[in-house]
There are 2 protein chains.
Amino acid sequence: MADKNASRPSNPNVSVDCVVFGFDDEQLKVLLIEQRTSGDFAPQLALPGDLVLQDENLDESATRILKELTHLEGIYLKQFKAFGDPDRVNNLKDQEWLRTVRENPDARVITVAYYSLVKMEAYRPEAASFAGKVIWQNVSEIPELGFDHNKIVNEALARLREEFEFKNIAFELLPKKFTLTMLQKLHEIVLGVQLDKRNFRKKLKKSDTLQPLDEKQSGVDHKPAQLFKYTSGRK
Amino acid sequence: MADKNASRPSNPNVSVDCVVFGFDDEQLKVLLIEQRTSGDFAPQLALPGDLVLQDENLDESATRILKELTHLEGIYLKQFKAFGDPDRVNNLKDQEWLRTVRENPDARVITVAYYSLVKMEAYRPEAASFAGKVIWQNVSEIPELGFDHNKIVNEALARLREEFEFKNIAFELLPKKFTLTMLQKLHEIVLGVQLDKRNFRKKLKKSDTLQPLDEKQSGVDHKPAQLFKYTSGRK
DNA sequence: ATGACTAAGTGTACAAAATACACTAAGATT
DNA sequence: AATCTTAGTGTATTTTGTACACTTAGTCAT
């Protein structure tokens, strides 16, 4: 039957998966959810993702799904790649999981992947009732994930780094208010290098993308830093 | 009925569309095909694209479809974005065309877009029997295309320019052998600027991405230029 | 064969950007 | 008042980018 259909157009399931990177002044993490099948399989970890609905566009879908699964909202998600290997769902556990939650478990699943970057403290995810739990996993210690999600995470990470190296600025991917030290730390974490404080700031000044706020850092036991926001421009 | 399905998972058609840019030492063009419906509509232009088959991955699909529609082969196609607005097929002519050639004309169509850049002389497209004809259209004079293909072309062009500006090198998107002047011309066409010959070459030298061949340009009525290829590395 | 034509190929001086580097300032805590 | 902690700032050097003009190798016409 697979053979008979091989040269026919597919009517695949289409899903979105979200790679949400979080940083906490120390490490870069990824948001994962625990999947429990109705069968006997041990729970496994995977990216938050689900099928696209009939009347929503892809961006809306990503936003909705992330919210439904983790209660995270107000996060800018950037589409970065579609993954569509015919056998990207290729083990029993994954198939069982699809059977548990999806309509056409036998059709292939093409997924459109999004990534984002958030400050962990500002976004405390909670698992949806049906989604096991939600965890922040260190990017350097990611276990085997369901589907092809390890591949998706790796490509997202590569894209994130490119974004930082070339555009040189974290742009949409940050909370509203931040200090320059936080911003620098973030670049260091993402790029995996040490940066010079003065040079980093010099570059920021010229790039003209930051605006100082009338507000200072609070709750620290030392000289409070100036808070900044991005100058509007991008969506 | 659309309402009833609004919050159901969609089983969309999934297609790929190819934005093939061509350059001819003068202008940047895009490869378009003419679509004829079985109805009374005038033919319209669109990107070469079609539905993904059951057992092929997205890259394979793009390669196959481009070949089927235009007989172009051996071209590196780079996936750059999925387009999935629910109403991206939103006029009668497009719907009629889908009805003519597709299985599930009423389902939405999510498309995965690819782009490429080729030297026009090296690739002479011929229309498939069922595909009206194939034309190279100047990018500065693109008429209204079917579906959301104008949007797709614009985003592809933006991506192409980014690629040239940041990576600074045309990489996979070129024929095997070329002269430095050709390469420079290409950069000038894509970026829409004039470049200095000596500076351009100096940069190339440092970037270390080119290898001189044992071969010189032929068929010109002046001093023949050295031919180069890219040093392997990328796929 | 000579001269004229055409694009190839090459170097240097100047400007701009990136890097390396260390001390003073402001607030909090005792 | 003294101490602790992170914020905040400038200059000298190196690297990279830019502006600019002449000589060379081949073809074509006489």
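Just so it is clear, the structure is predicted and the values come from calculations on it, not from any experiment. Lettering of chains follows the sequences in order, A, B, ..., and the numbering in each one begins at 1.
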Restricting to salt bridge (Lys or Arg N to Asp or Glu O under 4.0 Å), what partner residues turn up for B:Glu215, sequence neighbours left out? B:Lys177
Distance-only donor-acceptor check, side chains B:Thr179 and B:Gln217, under 3.5 Å: no
Rounded distance in Å - CG (B:Leu227) to C1' (C:dA7): 14 Å
Of the listed nucleotides (C:dG9, D:dG8, D:dA19), which one gets closest to any side-chain atom of A:Arg201? D:dG8
Which whole-number value in Å describes the distance from A:Asn199 CG to D:dA12 P? 15 Å
What are the residues of residues 188-196 of chain B, sorted by number, that bring a heavy atom to within less than 4.0 Å of DNA chain D? B:Asp196
Using a distance-only test with no angle check, is there a side-chain donor-acceptor pair under 3.5 angstrom linking A:Glu56 and A:Ser61? yes
NZ of B:Lys202 versus C1' of C:dA13: gap in Å, rounded? 10 Å
Gap between atoms CD and P, on B:Gln217 and C:dA8 respectively (whole Å): 6 Å
Would you say the base of C:dA8 and the side-chain of B:Arg198 have a donor-acceptor pair closer than 3.5 Å? no
Side chain of A:Lys197, heavy atoms from C-beta onward: which of D:dA7, C:dG9, D:dA12 has the nearest atom to it? D:dA7
Consider only side-chain N and O atoms of A:Asp94 and A:Gln44, and report whether a donor and an acceptor are under 3.5 Å apart. yes
Inter- and intrachain pairs under side chain to side chain donor-acceptor pair (under 3.5 Å), touching residues 143-158 of chain B, at least two apart: B:Asp17-B:His149, B:Lys81-B:Glu155, B:Arg88-B:Asp148
What's A:Gln226 touching, base or sugar-phosphate or nothing? Going by heavy atoms closer than 4.0 Å. sugar-phosphate
Within the pair B:Thr181 and C:dA7, is there a side-chain N or O less than 4.0 Å away from OP1 or OP2? no
Report, one pair per line, the protein and nucleotides 14-16 of chain C atoms (nitrogen or oxygen only) whose separation is under 3.5 Å.
none

For nucleotides 25-30 of chain D, tabulate all protein N/O to nucleotide N/O atom pairs closer than 3.5 Å, reporting atom names and distance.
{"unit_1": "D:dT27", "atom_1": "O4'", "unit_2": "B:Asp221", "atom_2": "O", "d": "3.4"}

Roughly, in whole Å, what's the span from CG in B:Leu183 to P in C:dA8? 13 Å
Could you state the atom-to-atom distance from NZ of B:Lys185 to C1' of C:dA8 in whole Å? 14 Å
Just to verify, what does B:Arg161 make a salt bridge (Lys or Arg N to Asp or Glu O under 4.0 Å) with, not counting sequence neighbours? none
